[in-house]
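Here the structure is laid out as structure tokens; the discussion comes afterwards.
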Amino acid sequence: MQTKKKNSHWRAHAVLLVVLVAMIYPMVWLVGASFKPENQIFSTMNPLPLAFTIGNYVNGWTATGTSFTVYLSNSLTVSLVTVVANVASCSVAAYAFARLDFAFRKFWFGVMLGTMMLPFQATLIPQYAIFYQLNWINTFLPLVVPYLLAYDAFFIFLMVQFIRGIPRELDEAAELDGAGHVRVFFSVILPLLKPALLTTTILTFIWTFNDFLRQLVYLSDHSRYTAPLGLNAFVDRASGSSYGGMLAMSVVTLVPTVAVFLISQRRLVEGVATTGIK
């Protein structure tokens with residue numbers, strides 16, 4: 001029996017190893033190819049460069065006519081502001097749904113959950129029309145302002161589930177000491193909401209930094225392009241003659257989100273896991 005169990009474990013590990021290699025090979029190839037000379041990129045399946053060069057990064061940084069530093073700084077600005085706006089607005093909305101008693105609360109909560117089923121394309125034209133009337137096109141405002149209004153129902157639902165797991169006795173004890181809803185939220189709920197807040201922060205940053213369609217719709221000036229749009233512009237202008245530069249800038253674009261995920265993956269898993277605990 002023990003021999004059979006050991007053999008099954010070995011087979012399982014072998015299968016997992018094959019799957020792991022298949023999953024990480026494209027990433028390894030991308031990084032390796034970004035350091036290869038132009039004539040060696042597609043000449044072999046070997047992901048490791050035979051001749052190492054950083055010329056792809058040097059040439060690719062300004063290949064679109066605009067420094068990639070501009071694109072990265074725009075992405076970081078939009079992502080960080082969106083994170084702050086989303087965490088603040090969603091936490092307040094979640095507290096209202098989880099703790100406050102107002103008319104038609106369950107109805108409005110259901111409506112909010114229903115918005116999660118709407119594809120982005122269904123609301124794209126109405127939103128664009130509104131932002132066009134406000135003269136916000138080709139600015140960062142359409143990418144940030146909606147998150148100030150608790151735009152993302154997923155994170156509201158995530159926080160509502162977490163707050164419902166916090167004993168109401170804590171709220172009642174604070175109210176006996178004369179605390180109102182604002183004081184209860186900031187002094188009792190918010191400190192205990194940290195795992196859900198961290199999850200919201202991490203996912204919002206990654207999703208916003210990697211967002212392409214919304215930024216493509218609202219931004220048209222190269223000086224306001226974010227990293228995904230800058231990479232797309234690089235492909236359009238330079239990929240025909242410089243695949244090395246395109247791959248190098250792809251690696252640069254991946255670095256922030258991969259770094260955030262690797263640093264915070266434990267917190268992310270803990271936040272998602274504790275959200276469902278009652």
Side-chain angles (χ1 to χ4, degrees), residues 12-80 82-83 120 143 202-266 268-269:
H13 281 83
V15 171
L16 291 174
L17 182 61
V18 171
V19 173
L20 175 64
V21 172
M23 292 180 65
I24 68 173
Y25 175 79
M27 182 72 70
V28 175
W29 184 90
L30 174 64
V31 176
S34 68
F35 291 103
K36 291 181 179 180
E38 193 76 26
N39 59 354
Q40 294 183 9
I41 293 177
F42 300 109
S43 63
T44 175
M45 293 295 290
N46 182 9
L48 301 178
L50 300 178
F52 187 88
T53 178
I54 62 171
N56 295 329
Y57 289 87
V58 175
N59 298 329
W61 203 264
T62 56
T64 64
T66 302
S67 174
F68 218 80
T69 304
V70 175
Y71 303 145
L72 289 175
S73 62
N74 288 341
S75 276
L76 290 174
T77 299
V78 171
S79 299
L80 294 176
T82 300
V83 164
F120 169 71
L143 305 175
I202 296 165
L203 293 180
T204 300
F205 178 85
I206 293 175
W207 293 349
T208 304
F209 193 92
N210 290 329
D211 183 27
F212 176 76
L213 182 56
R214 294 178 70 246
Q215 297 169 2
L216 178 65
V217 168
Y218 294 119
L219 301 177
S220 58
D221 191 344
H222 272 263
S223 64
R224 291 185 173 89
Y225 271 13
T226 56
L229 295 186
L231 183 60
N232 181 64
F234 182 91
V235 172
D236 290 342
R237 293 189 179 188
S239 62
S241 60
S242 178
Y243 286 104
M246 178 188 69
L247 297 175
M249 293 304 99
S250 298
V251 173
V252 171
T253 304
L254 286 173
V255 168
T257 52
V258 172
V260 168
F261 177 77
L262 291 178
I263 293 172
S264 58
Q265 60 177 327
R266 182 177 176 182
L268 178 61
V269 173

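Here the structure is a predicted model, which is why all the values come from computation and not from measurement.
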Any idea which heavy atoms bring [X] and [Y] closest together, and the distance?
X	Y	result
P47	K36	O-CE, 3.8 Å
P256	F209	CG-CZ, 3.6 Å
A227	F68	O-CZ, 4.1 Å
P228	S75	CD-OG, 3.7 Å
S73	V70	OG-O, 2.8 Å
S34	Y57	OG-OH, 2.7 Å

For A233, does its backbone N or O pair with a side-chain atom of T64 as donor and acceptor, under 3.5 Å? no
How far does [atom1] of [X] sit from [atom2] of [Y], to the nearest 0.5 angstrom?
X	Y	atom1	atom2	result
M246	L231	CE	CG	8.0 Å
Q215	T226	CD	OG1	3.0 Å
L216	N232	CG	CG	6.5 Å
F261	I206	CZ	CD1	7.0 Å

Which residue, V255, V252, T77, forms the side-chain contact (heavy atoms from CB on, under 4.5 Å) with L72? V252
Side chain to side chain contact (heavy atoms under 4.5 Å, CB included) between T204 and T82: does it pass, once the steps are laid out? CA-CA 7 Å; T204 300; T82 300; 3.9 Å; yes
Does some side-chain heavy atom of [Y] sit less than 4.5 Å from a side-chain heavy atom of [X]?
X	Y	value
L229	N74	no
L219	L143	yes
L247	F35	no
V217	R214	no

Check whether more than 12 heavy atoms from other residues, nucleotides or ligands sit under 6.0 Å from atom CG of L262, and answer yes or no. yes
Walk me through it: do L76 and F205 pass the test side chain to side chain contact (heavy atoms under 4.5 Å, CB included)? CA-CA 9 Å; L76 290 174; F205 178 85; 4.1 Å; yes
